[in-house]
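The block underneath contains the structure these notes are about, expressed in structure tokens.
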Protein chains: 2
Amino acid sequence: MVTMQDVAKAAGVSTMTVSNVLNHYPHVRDETRDRVLRAIDDLGYRVNVAARNLRAGRTNTIGFAVPEVDRPYFGQLASRIIARASAAGYRVVIEQTGADRENELSAIVSSRNRMYDALILSAVGLGTADRELLRVDFPMVILGETVFEGPVDHIALPNVEGTFAATRHLIARGSRRIAIVEGNDSLPPNVSSLRHGGYIRALRESGVEFDPALSIGIPELTLAGGRSAAERLVDSGTAFDGIVCITDTVALGVMRGLADRGVRVPEDVRVIGFDAIEEGEYSIPRLSTVDPDHDEVAALAVDLVLRRIAGDTEWQPREFVSSFRVVARESTA
Amino acid sequence: MVTMQDVAKAAGVSTMTVSNVLNHYPHVRDETRDRVLRAIDDLGYRVNVAARNLRAGRTNTIGFAVPEVDRPYFGQLASRIIARASAAGYRVVIEQTGADRENELSAIVSSRNRMYDALILSAVGLGTADRELLRVDFPMVILGETVFEGPVDHIALPNVEGTFAATRHLIARGSRRIAIVEGNDSLPPNVSSLRHGGYIRALRESGVEFDPALSIGIPELTLAGGRSAAERLVDSGTAFDGIVCITDTVALGVMRGLADRGVRVPEDVRVIGFDAIEEGEYSIPRLSTVDPDHDEVAALAVDLVLRRIAGDTEWQPREFVSSFRVVARESTA
DNA sequence: TTCGGACTCTTTATCGATACAGTCAGGTGT
DNA sequence: ACACCTGACTGTATCGATAAAGAGTCCGAA
């Protein structure tokens, strides 16, 4: 492999001068700089990032841990985060956790190993009980899901308020028997329990009765999960005319399941999701949803960790909540 | 920061013994191992990956360069690749190239910088002309798109054959005026030109006339692109009863555009896509498609680079073509 | 008794880049 | 004429881990 030494020898300078040229140190004579650059070119030299990382104590890499990249919500978030980070000269490593607590912790460990300068963690499996494990000595931002009040920055989605608004939207459109399709896995507080809370509050404030038979839990927030929830709901015989879905992906699955059972959306049942993934704009019918402003979330997450990397030590851990708006489309027309 | 030296001192051994414990070197006395482990625990020591990478000359990281992670096709491919690579102890860094030639080249440069032990590149912007730039000294696999015959391993999708089969499928179901929605950006050979070839051949072999007015080019293979293509097609007034779409994502957009114009699928027009993304199983109507066996592609890609990393120097660059099958669903019923 | 070998641990050199201190020539100010 | 500074470099130690080689110890077989 071609090293800096080789370049230095070829250019007749010290390795330090090569390093200075590469790092745009100003006090290098033009003639020397040219000679070094020519040698670099001739030999096809490339810096060895591992060596630079070791010496500099930084990796210029941000970790982003998500349950699954192939879920549109996370894919679209990842895309935004990558775009913003790479504009600032940072690479992004995506770790897939499968929403598993152990894997989420192992992403944190990776960062402790100095693999990443910072970690953005979309935590699902971690609970309030793990709060102490989050007391880390590198910049970290927790995204979205569970509430923490922990020792790190946390960007929350408007879970309660968003679902509250979504449920109110269905009520305003005329639905009275409103079901909710949500996750059933971990201990509260989590996304499902929070959004459930918003749903219940909206029903109560509108004087609509809550029927436990209309609450459907699914193990995974996927298309398949949504479809089977819809089938169970229809097959149960319980009457319903609206469904609040915990995510858009689930909602798309729900609409498919309703279609399979001959239930029309929105004529028989109104459906609303949460997340505003792009697919919802193109589904048939188009999906109404809660749009939590992902651009804001991604930008804030990246900016927060970059500021901490830059050495903003004054920073106190804070809790942010993204703004949102209800997007009314065909599925609740 | 706690280093190996600190642990060694605390445990009263040399750093090499600490290293041996960490790397499961068998010939360490139990008592010594325990002492070291206790010291590691007490001090909260973590290996420094940068140092290990430098010394070992490996990073245990594979780069995966894709146009966009948020396109379902790439997200689902990435997920499979990550899963398989991490089973072998490798991390995956995703680089987003935006299908841009410069960015694809810069992914190659990153690997030259020894950031990745290998690179899996979903090349779209690179063309046959860039063949020489692919002559690299690290394991690399090119995925999917353009044909190369270059100096690296290449896993191609069954572009011609798959589209041929898709078109024949439409013909078998009764379509005769078959449109194609494809990309219009770069120079052939590329995905679009190859798939176009399969389409033309199927028409010819079936004695169906090709009408250039039924060939719609779009700048980006997105949902929005598909929708606008469908609108243009309907608005042009040309009669058609089938559409071959270059990807499933485009097909979903096309179906939305047709619905907006009051055209029914499959009653008025049959639609088939390519890729077998999960969303197509849940769309309304369900999308028929060409399924190129992504599991096979992902597994092959990872296994190829791992074998090369492991030092299989005998390896000759090869061209693979994934197997495929036509999945008939509601959109061509 | 002696020798080879398996264990258990240590010493030393090294991966490639960079921080830091230092050298040296040539100018500036007084 | 002397101290002092600046620009343009160089030499060396160092980041933290590991490969390779070596040095004792202990045991069983010849």
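Predicted model only: the values in this text are computed from it and were never measured. Each chain gets a letter, A, B and so on, in the order the sequences are listed, and its residues count up from 1.
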Between [atom2] on [N] and [atom1] on [X], what's the gap in Å once rounded to a whole number?
{"X": "B/Tyr45", "N": "D/dG16", "atom1": "OH", "atom2": "C1'", "result": "7 Å"}
{"X": "B/Gln5", "N": "C/dT10", "atom1": "CD", "atom2": "P", "result": "13 Å"}
{"X": "B/Met16", "N": "D/dA20", "atom1": "CE", "atom2": "C1'", "result": "9 Å"}
{"X": "A/Leu54", "N": "D/dT14", "atom1": "CG", "atom2": "P", "result": "14 Å"}
{"X": "A/Asp6", "N": "C/dA17", "atom1": "CG", "atom2": "C1'", "result": "13 Å"}
{"X": "A/Asp34", "N": "D/dC9", "atom1": "CG", "atom2": "P", "result": "12 Å"}
{"X": "B/Glu31", "N": "C/dC7", "atom1": "CD", "atom2": "P", "result": "19 Å"}
{"X": "A/Asn53", "N": "C/dA19", "atom1": "CG", "atom2": "P", "result": "13 Å"}

Between A/Arg84 and A/Asp303, does at least one N-O distance fall below 4.0 Å, as a salt bridge requires?
->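 Judged by the 4.0 Å cut-off on N to carboxylate O distance, A/Arg84 and A/Asp303 do form a salt bridge.
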
Taking only side-chain N and O atoms of [X], does any of them lie within less than 4.0 angstrom of OP1 or OP2 on [N]?
{"X": "B/Thr17", "N": "C/dT10", "answer": "yes"}
{"X": "B/Ser14", "N": "C/dT10", "answer": "yes"}
{"X": "A/Arg52", "N": "C/dT18", "answer": "yes"}
{"X": "B/Arg29", "N": "C/dC9", "answer": "yes"}

Would you indicate what [X] reaches in the nucleic acid, counting non-hydrogen atoms under 4.0 angstrom: base, sugar-phosphate, or nothing?
{"X": "A/Tyr25", "value": "nothing"}
{"X": "B/Asn23", "value": "sugar-phosphate"}
{"X": "A/Val18", "value": "nothing"}

Does A/Thr61 offer a backbone N or O that forms a donor-acceptor pair with the side chain of A/Arg91 under 3.5 Å?
->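 Side chain of A/Arg91 to backbone of A/Thr61: no pair is present.
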
Donor-acceptor contact present, side-chain A/Asp6 to main-chain A/Thr3, <3.5 Å |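 Checked: pair present.
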
Among [options], which is the nearest nucleotide to the side chain of [X]?
{"X": "B/Asn20", "options": "C/dT10, D/dG7, C/dG16", "answer": "C/dT10"}
{"X": "B/Ala51", "options": "C/dA17, D/dA17, D/dT18", "answer": "D/dA17"}
{"X": "A/Thr32", "options": "D/dC9, C/dA17, C/dT8", "answer": "D/dC9"}

Which residues share a ring pair (Phe, Tyr, Trp, His ring centres under 6.0 Å) with B/His27, sequence neighbours left out =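 Checked B/His27 against ring pair (Phe, Tyr, Trp, His ring centres under 6.0 Å); matches are B/Tyr25.
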
Is there a donor-acceptor contact under 3.5 Å linking the side chains of B/Ser79 and A/Gln96?
->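 Per modelled atom types, B/Ser79 and A/Gln96 side chains form a pair under 3.5 Å.
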
B/Ala56 or B/Arg33: which one's nearest nucleotide on DNA chain C is closer to the 5' end?
->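 Final value for this comparison: B/Arg33.
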
Give a yes or no on whether a donor-acceptor pair under 3.5 Å exists between the nucleobase atoms of D/dT14, that is its base, and the side chain of A/Arg55.
->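 Such a pair is found, so the answer is yes.
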
